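Proteins get letters first, then strands, A, B, ... in listed order; numbering begins at 1 in each. The shown structure was predicted, so the numbers you read here are calculated from the model rather than taken from an experiment.
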Amino acid sequence: MDAFELFRKLGAGAKFDLKRFGQDAARDSLLFAVFCLTEAAGGPLKDMEGSGITWTSSLDRKIQNLPSDGKEKSSLKRMKHLHQEKVNRIRSQHRINVHGCDVPDPVSTFEDLQSEYRLSPRVLQNLKDAGLTSPTPVQMQAIPLMMHGRELLACAPTGSGKTLAFCLPLLAQLQQPANLGFRAVVISPTRELANQTYRELLRLSEGVGFRVHIIEKASLAAKKYGPQSNKKYDILVSTPNRLVFLLKQDPPALDFSSVEWLVVDESDKLFEGGKTGFREQLAAVFLACSGSKVRRAFFSATCTPDVEQWCRLNLDNLVSVNIGHRNTAVDSVEQKLLFVGTENGKLVAMRDIIKTGFLPPMLVFVQSIDRARELFHELVYEGINVEVIHADRTQQQRDNVVNSFRAGKIWVLICTALLARGMDFKGVNLVLNYDFPTSSVEYIHRIGRTGRAGHQGKAITFFTENDKPLLRSIANVIKQAGCPVPDYMIGFKKIHR
DNA sequence: AAAAAAC
């Protein structure tokens, strides 16, 4: 073990300890907190971004406590400096940007999670069996943070491993099955995504004995794990509204008083307001987690200023993690805009894509449920394996479609925004935006269904005269991801500014 | 603006 490694180990377990460091340390930490707030608010320290404020602040105290001019002191200082350089190098290499106080070092291998954070060897084996060999950037930084019990807002591109970034620490932190009731809750915007996360947790925790649960029917839920039931689950995955429904029964059919971790996946989506929006539901779930030690983590590929502001104001000692630039499309997708003139032109162009040969499977996004139905009826007689999915279909139909698509039995899947976020289908070769997305955020999520985990993908976006108002913002996203875009789409407004 | 989300 070299000196760097030694210091890494020292740093990994470093926690701020008031009793050990006394009053002075309390004042220092207060100053440090103010410092970080200034930075987070975009103050004069903005240039510190990504430089990595780390555990070394507690090492500083060790150094301070040593006699001045001692040999030990100067060598500690030097090692600290070298270690910090190494950490900064790892962060910049993987485009990891962190904001916050006392951020633990990133981990470079899954094995480190076992040695430093007591991740069970069986979970490690499950990772290997799943073909996962080394952590992605968001995993490198978010996992140590959650292992230290830090509340965080993590923003990382589509298909970059966010699900694993929160599933692993949940399993490692809960350590082993306990009969305490739900200790971790994961919230997703759609049932399909909740189901996918649930399956991921099952796969990772196989052989460890954790009890992971997903609510299938809220009406059966009360019996299954209500107050009378003695079967206690450790982890729950759900969409928010059924939790709200169960929580407000009298007496409540769910007990969230033992919840230690609340993970909000696709957090910007779940922060959408309006009277019937997700935001109110989320608030009700937050409120039900009455335990004193509840920690919250927010994940998404896109982040609104609104979410960030909320996290800054409400989370305890927030750390925000950004991988690469925020709100950008992945560069592993070859993106094209295709002018099709009119509505009619879309169907002609679509038939052309099918006729001239394409590599299935492909996902076709439309803007509404009715549009999905209509397009399905146009294509169902073409002699290709086409299916359609949206929220007006029965849960049984939705499940069947997702399963068949995963099994490769469907070549063309027509869908609404239902499948736009989080879904991880292996090997989608083409995303076709049949209807123009209504925002660049939606565009980023839709095309993120392909080009995942380092694989290549393709996306084609149809546009007509009517789509011109939003064309520029999407064209900018495409250009930023390194794909060619006609100049007239971007240039015009900037020149006149 | 639509979609999603309980029974």
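- Here salt bridge (Lys or Arg N to Asp or Glu O under 4.0 Å) pairs that include residues 354-369 of chain A, with residues two or more places apart or in two chains, number zero.
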Show me the donor-acceptor pairs within less than 3.5 Å that the side chains of residues 328-335 of chain A make with the rest of the protein, sequence neighbours left out.
from: Thr328(A); atom 1: OG1; to: His325(A); atom 2: O; distance (Å): 2.9
from: Ser332(A); atom 1: OG; to: Gly451(A); atom 2: O; distance (Å): 2.8
from: Gln335(A); atom 1: OE1; to: Tyr443(A); atom 2: OH; distance (Å): 2.7

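- Scanning for ring-ring contact (aromatic ring centres under 6.0 Å, His included) contacts around Tyr434(A) gives Phe462(A), with sequence neighbours left out.
- Remark: Phe245(A) engages no residue in a ring-ring contact (aromatic ring centres under 6.0 Å, His included) (not counting sequence neighbours).
- Contacts of Pro189(A) with the nucleic acid, taken as non-hydrogen atoms under 4.0 Å apart, involve only primed sugar atoms and P, OP1 or OP2.
- Chain A approaches DNA chain B within less than 4.0 angstrom (heavy atoms of the protein), and the contacting nucleotides run 5' to 3' from dA1(B) to dC7(B).
- In the region residues 391-401 of chain A, proximity to DNA chain B at under 4.0 angstrom, judged on heavy atoms, holds for Ala391(A), Arg398(A).
- Nucleic acid contact for Thr438(A): base, since at least one base atom lies under 4.0 Å from a heavy atom of the residue.
- Listed by chain and number, the residues in a salt bridge (Lys or Arg N to Asp or Glu O under 4.0 Å) with Glu206(A) amount to none (sequence neighbours excluded).
- Considering only residues two or more places apart in sequence or on other chains, Trp411(A) meets the ring-ring contact (aromatic ring centres under 6.0 Å, His included) condition with none of them.
- Residues forming a salt bridge (Lys or Arg N to Asp or Glu O under 4.0 Å) with Arg446(A) (at least two apart in sequence, or on another chain): Glu442(A).
- Ring-plane geometry between Phe463(A) and Phe339(A) is classed as tilted, the angle between the planes lying from 30 to 60 degrees on a 0 to 90 degree scale.
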